[in-house]
Asker: 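I have a structure I would like to understand better, so I am pasting it below and will then ask my questions one at a time.
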Number of protein chains: 2
Amino acid sequence: MTTLKDIAKLAGVSIASVSYVINGNKQLSEETTKRINEAIAQTNFTPHSLAKSLRMGKTLTIGVLVEDIRGMPIADIVNGIEENLEEHGYQMILSDLHMLEKLYNQYDQIADYKTYINNSVQQMLRSHVDGIIYVGLHDRHIDNIINPIGIPFVYAYSHGSKHDHYVSYNNIDGAMDAVNYLIKHGHREIAILAGHPDSFPTHQRMEGFITSLNHADLPIRDDYFFYGDWEYPSGFEQMKNILALPNRPTAIFVMNDLMAAGCINSAQESGLKIPLDLSIIGFDNREIASYLPVPLTTIQVPNREIGYESAKMLLELTEGNTVEYNAIILPCNLIERASVASILS
Amino acid sequence: MTTLKDIAKLAGVSIASVSYVINGNKQLSEETTKRINEAIAQTNFTPHSLAKSLRMGKTLTIGVLVEDIRGMPIADIVNGIEENLEEHGYQMILSDLHMLEKLYNQYDQIADYKTYINNSVQQMLRSHVDGIIYVGLHDRHIDNIINPIGIPFVYAYSHGSKHDHYVSYNNIDGAMDAVNYLIKHGHREIAILAGHPDSFPTHQRMEGFITSLNHADLPIRDDYFFYGDWEYPSGFEQMKNILALPNRPTAIFVMNDLMAAGCINSAQESGLKIPLDLSIIGFDNREIASYLPVPLTTIQVPNREIGYESAKMLLELTEGNTVEYNAIILPCNLIERASVASILS
DNA sequence: TGCTTATGGTTAATCGTTTAACCAATAAAG
DNA sequence: CTTTATTGGTTAAACGATTAACCATAAGCA
């Protein structure tokens, strides 16, 4: 490893001078600047980041805490974060909270659950990251993070509490877009298959659904509300109930693609033609949406952008700058495929 | 931030003593040990990792270079790596080569492509990681990594060249398991839908296919060979050709789940009943396999284990130990679902 | 001529650890 | 009663950078 010392000797100057020309923090004579640069070029020297960080108190590294890297939106977000970091010469330390779900489901282990999260945070702090991004879907985890931690912290995807920094997406508008799209295609009897009743996205998307119906002066029908648990089988099963309805809807807004996949497969198994007999719109634009027997029209969440923007916000904060908004809500957009038919006469 | 110095003052000893009791590198009297430990407990002191790393020349951090974190097998592998690292108190710096595909497809940019990869490697080296794991599917990328780099390097998933360290999975046996499973269920006319003809997995899985047929004394029929490009549409299209065959096979071994999904949807669209009219077996066990109209029987690649074992191997190497095998090939296993029917009379 | 001010560079302290080398005091050995 | 080990601790030199403080020398100015 070549160090400042080596360069200094080679160029016949002090290490301070070398440091100064590298960082451009002081005017040196053209002559010596040149000699030093030549020496650097000769040895393909690169400053020792640890030493630099130790001295400067900044690591140019941020910590990324993810609930489970294997989930699609998470990986997309991380990808977006990466892109921004790379542009700014930062690096990321990734920490996966893969034990989280397991611990959460063991009721006697709430304490372990809390300490698990905080150990991960502490571990990041020990690495002297300049900031942390928490990437997660489950708002319930967030309360368990002990704040403040002394360095900038931003939530990506999940909303933080009121005073936190976060960047997320617009669930309400997204749902409205979906429902408006159905309405635009002539549907007036629209059912909804919601996610888990307790979850935050369920509430928001529900709000969008109702708002859209109201705007269009469409009635809110109790018998058109169905609930699942975000998973495929619940979509598959609930579809049977929907089909058993005396007044079958012409379209259904399903709150995520996994359940929508269940719906489509279930409906086809019952001999229904999608979208002729029933239109379906999903949410999330997961990979699976393109690969269903009938490609799913759905709402795309801007995952990469969420990652990108959260990193941007975090870096602003680490540089000590204030940030214009401490919450950014990005818009979704609708991906038109083949699962919605027009029933305008 | 509390430092050794603070602890030392608090306990009335030198910083050396504090360091010694923390690391247990020297016997100190019970008395002072106790005083020091108390001081540490009081201040919840934790040693400054940068300073430690600088002094010791070890960062307890490894670099993970991924082709694209958004791909499923990659994320699974990273998850496995994480698990092992966590057990050993290591951390990972993640670097995503998300520009790789784009650069690869621009023929005039081969040079950029090469430097892109090596810049990423150099960037890791600048962070003084103790080792690097390359997680990738595409063997073609690997040649572009300039080796040796002076620190341990292991490939996960993709095979390296003959002398490299890598951990991968057994394509040949996996394919044989798939085909043997079909044979066991009475199939004698088995077609194959292969991946991209140039790719390494295609060759290996093909070898498994042929070996299995030979073992069972089944003929190798030229008209039963089909090629796709690993993507869904190629499965969808090729299925039409398969169905147009004068002597339609009773089963088909599809080299990945994405193409298999295309096959299933295509077949159903043509009015075929899967698996009654045609059995299909896939490879990869991607998420989609469970969510198809007919759940796909397929071969599971042990992705998390690949990650786990590659990390294990790398850590061995970074500790300066020799490693028993410098290549580990893990077995796949078959996931039985509903896309293969028995046609034993 | 003297006084101030640039200009171009060096010295040395510092960031927070680890650890070889040293030292004093006590115990063991001859 | 020396000599030699052992025990328990300290001092100070690294690791490789940054940067405030300093110091010549030359230039500018009255």
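Below, read A as the first sequence line, B as the second, and so on, with proteins coming before strands; counting in each chain starts at 1.
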Asker: Under the rule for salt bridge (charged side-chain N to carboxylate O under 4.0 Å, His left out), what residues qualify as partners of B/Asp76, not counting sequence neighbours?
Answerer: none
Asker: Can you confirm whether the side chains of A/Ser127 and B/Gln91 place a donor and an acceptor under 3.5 Å from each other?
Answerer: yes
Asker: Would you say the side chains of B/Glu67 and B/Tyr134 form a donor-acceptor pair under 3.5 Å?
Answerer: yes
Asker: Check each of B/Leu314, B/Ile62, B/Ile132 against B/Pro152 using the side chain to side chain contact (heavy atoms under 4.5 Å, CB included) test, and report the only one that passes.
Answerer: B/Leu314
Asker: Quick one: list whatever passes salt bridge (charged side-chain N to carboxylate O under 4.0 Å, His left out) with B/Glu83, sequence neighbours left out.
Answerer: B/Arg304
Asker: Classify every nucleotide of nucleotides 11-18 of chain C by which part a protein heavy atom approaches to under 4.0 Å, writing B for the base, S for the sugar-phosphate alone and - for neither, in 5'-to-3' order.
Answerer: B-BBBBBB
Asker: I'd like to check the salt bridge (charged side-chain N to carboxylate O under 4.0 Å, His left out) partners of A/Lys58; sequence neighbours left out, ordered by chain and number.
Answerer: A/Asp130
Asker: Assess, by modelled atom type and distance only, whether the side chains of A/Tyr308 and A/Glu87 contain a donor and an acceptor separated by less than 3.5 Å.
Answerer: yes
Asker: So does A/Glu316 pair up with A/Lys312, basic N to acidic O under 4.0 Å?
Answerer: no
Asker: Please round to 10 degrees the angle between the axis of the first five pairs and the axis of the last five pairs in the helix from C/dT1-D/dA30 to C/dG30-D/dC1.
Answerer: 60°
Asker: Distance under 4.0 Å to a non-hydrogen atom of chain A counts as contact; along DNA chain D, which nucleotides mark the start and end?
Answerer: D/dG16 to D/dA21
Asker: Judged by modelled atom types alone, do B/Asn326 and B/Asp164 share a side-chain donor-acceptor pair under 3.5 Å?
Answerer: no
Asker: Between B/Tyr157 and B/Tyr169 (judged by ring centroids, cut-off 6.0 Å), do the two rings come close enough to count as a pair?
Answerer: yes
Asker: For a quick check of understanding: with a heavy-atom distance under 4.0 Å over all strands, which category does A/Thr32 fall into, base, sugar-phosphate or nothing?
Answerer: sugar-phosphate
